[in-house]
Amino acid sequence: MSSSPLAIGIPRLTDIAAQAGVSEATVSRVLNGRPGVSKATRQAVLAALDLMGYERPQRLRQRSNGLIGLITPELDNPIFPAFAQAIEKALTQYGYTPVLCTQMPGGAPEDEFTELLLDRGVSGMVFVSGLHADTTARSDRYSQLISQEVPIVLMNGHAADVEAPFVSTDDRLAARLAVQHLVDLGHERIGLAVGPARFVPVIRKIEGYRQALAELLGLTDTGDLISHSLFSVEGGQAAAAHLLDRGCTGIVCASDLMAIGAIRACRERGLSVPGDVSVVGYDDSPLIAYTDPPLTTVRQPVQAMAAAAVDTLLEVIGGAPSRHHELVFRPELIVRGSTGSGPKVRR
């Protein structure tokens, strides 16, 4: 007696056919690997199997084209899981298997993860906000990978001496969009809460912020309006406290977590957001629209950046030369409830 592809524990042909919206004969052809079925229909049947929680028959499982290392910072900041998920999804669509390496305080450093991935024989690596974004860190670690012909792509950080492709959000424009929004609302005393000064995205945000204040408000002395801290809720709270002491009614933050901390700092002083102080975040992290108040922020185009990073990496894997260029993506201002009219408009 010949064995059936629908053994015990596998749903009936009728169940799969109903879920996929095709005939039982079509389901049978797909499960037995027979021709005469379009690619779209075949995918619908396989998706029905996946949705119903059953494993695909062994013959239909796609073999991985290879492993891709994905190195990210800690996942406490929700923007990093968002990038990781988008990159992993794009890699999977091309048949590659992502290997996620997450850096945590006290955990394995980036170089250790890199060695581990090399030992696993990965086809390439994607670095998200890694040491390439730190101007005080050595950049030769990436040059060594390139000399070993390991395809790499680096995201949100730029090193002029690394002959590799970079994918970044336009941090200068992000700061300008936030400042422009607050100026349009009537704010004249606008502070910037950012992370440590050694990071490329911080440097670029400061440049965009200063240029915007000079052009829009004629302010050139902004030293006391920039507060450096950590990229965290506590860091944002501390930076905002410094800016509130300097009379700021608008605060631009370098991350959504910092913006949440800034709102906390305002409320500790009995100030309302946005009644007394307006706060703008950065990232548009998942669930950030559900804060109290919903956070006005500058959105990073995560999906488009992830797709570009994967496409660029696969081009290099496919034999294209690794060129030193930076793809810069335009951010988008998302206006919600944490910003309102400034003192100038209220008078």
Side-chain angles (χ1 to χ4, degrees), residues 61-75 80-104 107-171 198-201 204 300-329:
R61 297 177 191 172
Q62 182 184 35
R63 292 194 62 182
S64 173
N65 289 329
L67 302 176
I68 301 294
L70 173 56
I71 303 177
T72 71
E74 79 288 341
L75 299 182
F80 296 131
F83 269 114
Q85 184 176 31
I87 294 168
E88 289 180 344
K89 180 180 178 181
L91 286 170
T92 302
Q93 289 175 342
Y94 286 106
Y96 286 86
T97 301
V99 180
L100 179 62
C101 299
T102 303
Q103 299 180 76
M104 295 177 290
E110 182 176 300
D111 291 340
E112 189 173 320
F113 279 133
T114 300
E115 289 299 321
L116 174 64
L117 292 170
L118 288 174
D119 290 342
R120 294 290 181 91
V122 295
S123 301
M125 301 182 197
V126 179
F127 295 84
V128 180
S129 299
L131 291 173
H132 62 282
D134 188 340
T135 58
T136 65
R138 293 182 4 257
S139 60
D140 60 346
R141 54 175 48 90
Y142 304 111
S143 300
Q144 290 173 5
L145 289 173
I146 295 168
S147 67
Q148 294 171 322
E149 298 186 343
V150 179
I152 63 173
V153 172
L154 304 113
M155 301 187 69
N156 277 341
H158 184 262
D161 57 344
V162 177
E163 293 291 326
F166 292 80
V167 177
S168 305
T169 305
D170 191 335
D171 291 291
R198 68 181 188 272
F199 293 111
V200 173
R204 290 177 169 181
Q300 291 201 67
V302 171
Q303 300 298 326
M305 293 174 66
V310 170
D311 288 345
T312 301
L313 183 70
L314 297 187
E315 286 178 4
V316 180
I317 291 174
S322 179
R323 296 182 295 112
H324 183 200
H325 67 277
E326 184 179 21
L327 299 175
V328 181
F329 283 75

Working to the nearest 0.5 angstrom, can you tell me the gap between [X] [atom1] and [Y] [atom2]?
X      : Y      : atom1 : atom2 : answer
Thr102 : Leu75  : OG1   : CG    : 4.0 Å
His325 : Thr312 : NE2   : OG1   : 5.0 Å
Arg141 : Ile152 : CZ    : CD1   : 11.5 Å

Do any N or O atoms from the side chain of His158 and from the backbone of Pro201 form a donor-acceptor pair under 3.5 angstrom?
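Not a single qualifying donor-acceptor pair exists.
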Pairing residues for Glu110 by the side-chain hydrogen bond (donor to acceptor under 3.5 Å, both in side chains) criterion, not counting sequence neighbours:
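Checked Glu110 against side-chain hydrogen bond (donor to acceptor under 3.5 Å, both in side chains); matches are Tyr142.
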side-chain hydrogen bond (donor to acceptor under 3.5 Å, both in side chains) with Thr169: which residues, sequence neighbours excluded?
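For Thr169, the residues satisfying side-chain hydrogen bond (donor to acceptor under 3.5 Å, both in side chains) (neighbours in sequence not counted) are Gln300.
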Is it the case that over 12 heavy atoms from other parts of the model lie below 6.0 angstrom from the CD atom of Gln148?
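More than 12 heavy atoms, drawn from other residues, nucleotides or ligands, come within 6.0 Å of this atom.
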For atom CZ of Arg323, decide whether the heavy atoms of other residues, nucleotides or ligands shown that lie under 6.0 angstrom number more than 12.
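Atom CZ in Arg323 is not crowded, with 12 or fewer foreign heavy atoms closer than 6.0 Å.
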My understanding is that only one of Leu70, Leu67, Val99 makes a side chain to side chain contact (heavy atoms under 4.5 Å, CB included) with Leu117; could you say which?
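Among Leu70, Leu67, Val99, the one meeting side chain to side chain contact (heavy atoms under 4.5 Å, CB included) with Leu117 is Val99.
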Over all atoms of both residues, closest heavy-atom pair of Pro98 and Tyr96
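The pair with the smallest heavy-atom distance is CD-O, 3.5 Å.
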Determine whether Phe166 and Val200 make a side-chain contact, defined as any pair of heavy atoms from C-beta on separated by less than 4.5 Å.
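No; the side chains remain at least 4.5 Å from each other.
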Taking side chain as C-beta onward, heavy atoms only, is Val162 less than 4.5 Å from His132?
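Of all side-chain heavy-atom pairs linking His132 with Val162, none is under 4.5 Å.
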Using the test salt bridge (Lys or Arg N to Asp or Glu O under 4.0 Å), find all partners of Arg198 that sit at least two apart in sequence or belong to another chain.
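Applying salt bridge (Lys or Arg N to Asp or Glu O under 4.0 Å) to Arg198 gives Asp134.
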